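Have a look at this one.
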Amino acid sequence: QLQFVESGGGLVQPGGSLRLSCAASGFTFDYYAIGWFRQAPGKEREGVSCISFSGATTNYADSVKGRFTISRDNAKKTVYLQMNNLKPEDTGVYLCLACTVATLKSLPWSRWGQGTQVTVSS
């Protein structure tokens, strides 16, 4: 039902910023909370942030609080992640998935897309 295309990743120095975009297709976009997850080699997948269908409520992993901001534009069917003060440990493939805001977990039916690579290195 929902398909996502992530973009905006790249190579950035520590302390730099990136803005990721998640473009969704499907007629039920507004019914779901959507979030960002990341996967790094040798590490488990981590829920980074999740935003409710209305955008009224959000949740963030402790490791990114104060540095990342999630937002969504339902008219454009797009979810954004503004990442500031990036750290090397933020490196990974960032993926968009339907999620539960309170738990920062993906819904079991939400399928992984291609993702976008974020590399933070000096």
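Note that the coordinates shown come from a computational prediction; the quantities given were computed from them, not determined experimentally.
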Next on the checklist: List the residues meeting side-chain contact (heavy atoms from CB on, under 4.5 Å) with V12, not counting sequence neighbours, and say none if there are none.
Outcome noted: L18, L86, V120
Checklist entry - Going from CH2 on W36 to SG on C50, what distance comes out if it is rounded to the nearest 0.5 angstrom? => result 12.5 Å
Checklist entry - Hey, quick one: are I70 and Y32 part of the same hydrophobic cluster, counting side-chain heavy atoms closer than 4.5 Å, chains of contacts allowed? => result yes
Item to check | Minimum heavy-atom distance T78-S21, with the two atoms named | outcome: CG2-CB, 4.3 Å
Next on the checklist: Tell me every residue that passes side chain to side chain donor-acceptor pair (under 3.5 Å) with T119, counting only those two or more places apart in sequence or in another chain.
Outcome noted: Q117
Checklist entry - Which residues satisfy the side-chain contact (heavy atoms from CB on, under 4.5 Å) test with K87, sequence neighbours excluded? => result R67, E89, D90
Next on the checklist: I need the full list of ring pair (Phe, Tyr, Trp, His ring centres under 6.0 Å) pairs touching residues 54-105, with sequence neighbours left out, sorted by first then second residue.
Outcome noted: none
Checklist entry - Quick check: are there more than 12 heavy atoms from other residues, nucleotides or ligands sitting under 6.0 Å from CD of Q114? => result no
Item to check | Audit row: L2, S25, side chain to side chain contact (heavy atoms under 4.5 Å, CB included) steps and yes/no | outcome: CA-CA 6 Å; L2 282 178; S25 63; over 6 Å; no
Item to check | Beyond-backbone contact of P88 with S121, side-chain heavy atoms, under 4.5 angstrom | outcome: no
Checklist entry - Under a single-linkage definition using a 4.5 Å side-chain heavy-atom cutoff for Ile, Leu, Val, Met, Phe, Trp and Tyr, are W109 and I34 assigned to the same hydrophobic cluster? => result yes
Checklist outcome for this item: Sorted by chain and number, sequence neighbours left out, side-chain contact (heavy atoms from CB on, under 4.5 Å) with L95 holds for E6, V93, W112
Next on the checklist: Restricting to side-chain contact (heavy atoms from CB on, under 4.5 Å), what partner residues turn up for E46, sequence neighbours left out?
Outcome noted: R38, A61, S63
Next on the checklist: Run the side chain to side chain donor-acceptor pair (under 3.5 Å) test against R19 and tell me which residues pass, sequence neighbours left out.
Outcome noted: none
Checklist entry - Does any N or O in the side chain of S110 come within less than 3.5 Å of the main-chain N or O of L107, such that one atom is a donor and the other an acceptor? => result no
Less than 3.5 Å apart, which donor and acceptor atoms pair up between the side chains of residues 97-106 and the rest of the protein, not counting sequence neighbours?
unit_1, atom_1, unit_2, atom_2, d
S106, OG, R45, NH2, 2.8

Checklist entry - Which pairs count as salt bridge (charged side-chain N to carboxylate O under 4.0 Å, His left out) when at least one residue sits in residues 50-64, sequence neighbours excluded? => result D62-K65
Item to check | Shortest non-hydrogen contact from F53 toward Y31 | outcome: CB-C, 4.0 Å
Next on the checklist: Could you work out, with side chain to side chain donor-acceptor pair (under 3.5 Å) as the rule, every residue matching N84, not counting sequence neighbours?
Outcome noted: S17, Q82
Item to check | Joint hydrophobic cluster, L20 plus V48, side-chain heavy atoms closer than 4.5 Å | outcome: yes
Item to check | Inter- and intrachain pairs under disulfide (SG to SG under 2.5 Å), touching residues 59-93, at least two apart | outcome: none
Item to check | Hphob cluster co-occupancy, V64 + I51, side-chain heavy atoms under 4.5 angstrom | outcome: yes
Next on the checklist: Checking side-chain hydrogen bond (donor to acceptor under 3.5 Å, both in side chains) between N74 and each of K76, R72, K77, which is the one that passes?
Outcome noted: R72
Next on the checklist: Please report the interatomic distance CZ(F4) to CZ(R111), rounded to the nearest 0.5 Å.
Outcome noted: 12.5 Å
Checklist entry - Can you name the residues that form a side chain to side chain donor-acceptor pair (under 3.5 Å) with S52, not counting sequence neighbours? => result T57
